[in-house]
Amino acid sequence: MYDVLPYASSKEPWLTTARWRAIERHFREMVLRAGYREIRTPILEPTELFKRSIGEATDIVSKEMFTFVDRGERSLTMKPEGTAPAVRACIEHGLFAEHPLLKLFYIGQNFRYERGQKGRYRQHQQLGVEVFGATDPAIDAEVLALAMSFFTTLGVRCRLHLNSVGTSECRATYREALKAYVRPSLAHLSEEGKMRFEVNPLRMLDTKDQKDLAILAGAPVLRDFLSEESSQHFAQVQEYLTALNIPFAIDDGLVRGFDYYSGTVFEIKGEGLGAQDALGGGGRYDGLVEECGGTAVPGLGFGIGMERCLLALEALGIAPPQDDESPVAFIITAGEQQAGKTTAVRLLQTLRSAGIAADMDYLGKNFRRQFKRADDLGTKFYIIIGEDEVASGTVQLKDRASGEQEKIELDSVVPVIKSKLL
RNA sequence: GCGACUGUAGCUCAGGUGGUUAGAGUGCCAGGUUGUGGCCCUGGAGGUCGUCGGUUCAAGUCCGAUCAGUCGCCCCA
């Protein structure tokens, strides 16, 4: 857990709201251009939703959910991922019936009860998309292309790891073949490996244990067990990616942590991120909607980790394009009795109403300190109002960069500033 | 859930082998006549030394516990 603050600390410069907004905007613009529409789902969902969709045997469900019982004796869980809630919402509101092809995106907080470390937080934000209704490999390519271009346009170097886990039938056949292969060496497997052998054999492939890797080196490969259809679909996805000039690496060991994946799965890994190098991941989940109680609607999507993205940019020394938070104009009042104060208060509102970012001092600072404050905020223009100006209905407009100053009519402040901004 | 390391001003950090009122830089505030800014000069505020307990005449410093954070394992975003 952490706070995102309005001002940068030298220790964690990525942890500022300006950077977060910049990334969110980058993502929003990209997916809106591609025809995706935003969905927002609640943080709390019935625990059952995640158990059913993600799978009881997965790490997330078995030990990483923030789950509690509410006053009505219902078991609720703070969402650990965004896909299941989106599916639930779409079923509940009949979106699948109304939209044969549904392209959605979301920006939201996810919660996982894990030990925190760099790039891994109990509350983290994901930027994601979900597409429902299409089995066309071209949509797989679109989703992959979006995830990749999100990073590449930011300047983040990353690698796309790709695999296909086929249909549940493909996996069932493969699972048996894999177990048959490993069984003779079972005694030599790590404790973790043995456990996975029983609970979730495919996850054995995901190990980093050297001994296990050696045992699995000659194991049958899931790809060889794909049905004709799955295999062709996967080949087609690769062809499109090649046509799009998106480099990828087939990763036979890539098995995602959720049970609902089918067909195309992928992970995007960054460089220089330490242990938490997965910037994003996702895949196809053709059986999920049905599993959650809807009609059979195919789907796929990805999630990108906001914190990891910011961390990656930081590691590369790239500052994301941020909003200019400086005021255009800063009003400075002068004179014994703060003569221009009332005029200033009114002018400030006028400027803002006209769409010009403007501010003034509220701490009773002296004339000189008001300039300093304006400088600190990075204003473009100072507007000086004193007794003389009030008397003549004018203001002094001074350009900070050039130092040039002119006396203009109070009523012409807005048009003059606007013309100077062009 | 497991392991290693770290906790001293808002921030970045100093504070050999325990010894008076715990320091610096930076930031913040004020002043340098409230009619001209950035720079500069002067001054000021701000710390129960993470917390609790122990050893000692004496603890920021040694010991224990606890909490928090960082990093790694696991897993993932």
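Letters A, B, ... mirror the listed sequences (proteins, then strands); counts begin at 1. Owing to the predicted nature of the structure, the values given are computational and were not obtained by experimental measurement.
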Enquirer: Could you check which residues of residues 402-417 of chain A get a heavy atom under 4.0 Å from RNA chain B? Sort them by number, please.
Expert: A:G403, A:Q405
Enquirer: Identify, with sequence neighbours excluded, every residue that meets side-chain contact (heavy atoms from CB on, under 4.5 Å) alongside A:P321.
Expert: none
Enquirer: Sequence neighbours left out, what passes side-chain contact (heavy atoms from CB on, under 4.5 Å) with A:S230? Give chain and number order.
Expert: A:T167, A:C170, A:L226, A:S227
Enquirer: Give the dot-bracket line for RNA chain B from 5' end to 3' end: parentheses for intra-strand Watson-Crick or G-U pairs under 3.5 Å, square brackets for crossings, | for inter-strand pairing, dots for unpaired.
Expert: (((((((..((((.....[...)))).(((((.......))))).....(((((..]....))))))))))))....
Enquirer: What is the ring orientation for A:Y285 with A:Y260, classed by angle as parallel under 30°, tilted 30 to 60°, or perpendicular over 60°?
Expert: perpendicular
Enquirer: Under 4.0 Å, heavy atom to any atom of RNA chain B: which of residues 26-51 of chain A qualify?
Expert: none
Enquirer: Go through the structure and list residues passing salt bridge (Lys or Arg N to Asp or Glu O under 4.0 Å) with A:K418, not counting sequence neighbours.
Expert: none
Enquirer: Assign A:G128 to base, sugar-phosphate, or nothing according to its heavy-atom contacts below 4.0 angstrom with the strands shown.
Expert: nothing
Enquirer: For RNA chain B, determine which residues of residues 279-287 of chain A have any heavy atom closer than 4.0 angstrom to one of its atoms, and list them numerically.
Expert: A:L279, A:G280, A:G281
Enquirer: Do any N or O atoms of the protein come closer than 3.5 Å to N or O atoms of nucleotides 27-32 of chain B, and which pairs are they?
Expert:
residue	atom	partner	partner atom	Å
B:A30	OP2	A:K365	NZ	3.4
B:G31	N7	A:R369	NH2	2.6
B:G31	O6	A:R369	NH2	2.9
B:G32	N7	A:R368	NH2	2.2
B:G32	O6	A:R368	NH1	3.1
B:G32	O6	A:R368	NH2	3.0

Enquirer: With sequence neighbours excluded, tell me which residues meet salt bridge (Lys or Arg N to Asp or Glu O under 4.0 Å) with A:K51.
Expert: none
Enquirer: By the salt bridge (charged side-chain N to carboxylate O under 4.0 Å, His left out) test, which pairs, at least two apart or in different chains, include something from residues 154-166 of chain A?
Expert: A:R157-A:E271
Enquirer: According to side-chain contact (heavy atoms from CB on, under 4.5 Å), who are the partners of A:P137, at least two apart in sequence or on a separate chain?
Expert: A:H233, A:Q236, A:V237, A:Y240
Enquirer: Between B:G46 and B:A9, how far is it from one C1' atom to the other, in whole Å?
Expert: 6 Å
Enquirer: Test of understanding: with side-chain contact (heavy atoms from CB on, under 4.5 Å), list the residues that count as partners of A:R33, not counting sequence neighbours.
Expert: A:E29, A:M30
